[in-house]
Amino acid sequence: MDQIVLEHVTKSFTTKTLGTVVAVKDFNLSIKKGECFSFLGPSGCGKTTTLRMIAGFEDLSEGSIYLGGKLVSDRNKNIYLPPERRELGMVFQAFAVWPHLNVFENVAFPLKVKHLPSAQIKARVSEALRHCNLDGLENAFPSNLSGGQQQRIALARAIVVNPDVMLLDEPLSNLDPHLRESMRFEIKRLQRQFGFTIIFVTHDQAEAMALSDRMLVMDMGSIQQIGTPQELYQRPVNRFVHSFLGQSNFTDVVIKDSRAFLPNDMSTPIFDSVSAPLQGNAVMATRPNDISLNRTQGYKAKITKRTFKTDFVEYMVNAQGQALVIQTPHRNLFQAGEDCFLSISQPAWYEKENSAELKERERRNTI
Ligand code: ADP
Ligand code: MG
């Protein structure tokens, strides 16, 4: 069953200084019950706005939203269900705990709003605290607790209502890396236990890939691609998605009759069987471990730098004035300054990004 459905959802903001920004553009999306789904994209791409519309904190400029099969927001039919009636749990980026309430009172708050009997509140809060490893801290105040504990209060307050859907807006971004990892694990554990549907918003690709069943990558208000982490990593539909997931080299090339040349060397192709229907200026995208180095054949280049990493050796290579990063196993080592030959497997090919796109991206990031 589809738990969350967005149809043609659009949201524009108009401000005096900046004119109209289309924060979310024609979003179409279905998320299944029990799925852990991530929104990934750079700052300003519309992630929070989308989440706020699903939660009911923001009306729509166009389109409709269904939760559990029920129409909750529809611009044309003038339907709008307020947030407290949407059966959602939410955790937002900043530690959204109330400093003047102790841990128990913070977590009990959503149940008090619903006027549940106090014995029931007590039982449910204790259970939520236990699940978030906060038992024993009922009477503590947030200011006396660590960042991780404060974020767990927010998590406990979200699960205490037994939500069908959990909306998490960069909930881990204020935590140090070690804590992030263990909170990620906690979130997955709670999801397995309670079976809620999760939308997890992040600009951190590793986090999205580790947590999600499926995810989407968005840019400037539009969905670029929806799929499993593996599909998006292995078969990105465009340069933006490619650049957002994992490390890559983007090399300027000129394509002529299915052969790709570096602009400074139109005599020898760097790759001679381009699969994409492109001609002229284009971009070749390679993952650092899709290029291998050898001393006898391939495209001539020079090692400029070598760095030992724990699991591989990383080289910086200069090929006709363009820098490429290459990662190889710890054998057949090359020295900095040495000549080498490159062979590239399975590059991806993209058109060059045009300047209008670059300008729009800059404009949104300065708002
Ligand atoms: P993200 O969460 O991906 O960083 P947001 O959804 O917060 O992005 O913002 C998307 C775009 O909408 C940005 O350009 C932002 O400046 C704009 N925006 C968001 N909220 C408002 C608002 N209340 N008024 C005007 N512009 C807004
Ligand atoms: Mg945001």
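As the structure lists them, so they are numbered: ligands from 1, and atoms in each ligand from 1. Hydrogens, waters and symmetry mates play no part in the numbers below; they use all other heavy atoms, side chains included.
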For [Y], is there an ion pair with [X] - N to carboxylate O distance below 4.0 angstrom?
| X | Y | result |
| --- | --- | --- |
| Lys302 | Asp339 | yes |
| Arg124 | Glu127 | no |
| Arg214 | Glu35 | yes |

- [ ] Pull out every atom of ligand 1 sitting under 4.0 Å from any heavy atom of Ser43, numbered as shown with elements.
- [x]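 Contacts of ligand 1 toward Ser43, numbered from 1: 4 (O).
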Task: Shortest heavy-atom approach to atom 7 (O) of ligand 1 - which of Thr17, Thr48, Val21 - done: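 Ranked by closest heavy atom to atom 7 (O) of ligand 1, first place is Thr48.
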Task: N, O or S atom of Thr48 closer to the Mg ion (ligand 2) than 2.8 Å - done: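 Thr48 does place an N, O or S atom closer than 2.8 Å to the Mg ion (ligand 2).
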- [ ] Ignoring angles and geometry beyond distance, decide whether Gly44 reaches within less than 3.5 Å of ligand 1 through its nitrogen or oxygen atoms.
- [x]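 Yes: some nitrogen or oxygen of Gly44 is under 3.5 Å from one in ligand 1.
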Task: Ala23 N/O to ligand 1 N/O under 3.5 Å - done: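 N/O-N/O distance under 3.5 Å: no.
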Task: ligand 1 contacted by Cys45 (non-hydrogen, < 4.0 Å) - done: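 The answer is yes, since Cys45 has a heavy atom less than 4.0 Å from ligand 1.
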- [ ] From the options Phe250, Trp349, Tyr233, select the one residue that forms a ring-ring contact (aromatic ring centres under 6.0 Å, His included) with His242.
- [x]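 Result: among Phe250, Trp349, Tyr233, Phe250 is the only option passing the ring-ring contact (aromatic ring centres under 6.0 Å, His included) with His242.
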- [ ] Give the contacting part of Thr15 toward ligand 1: side chain, backbone, both or neither, where contact means a heavy-atom distance below 4.0 Å.
- [x]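 The side chain, only.
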Open item on the list: Is it the case that the ring center of Phe194 lies less than 6.0 angstrom away from the ring center of His131?
Closed with: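 Yes: the rings meet the under 6.0 Å criterion.
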Task: Distance, nearest 0.5 Å, that separates CG of Asn28 from CD of Glu7 - done: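 Taking CG in Asn28 and CD in Glu7, the distance rounds to 7.0 Å.
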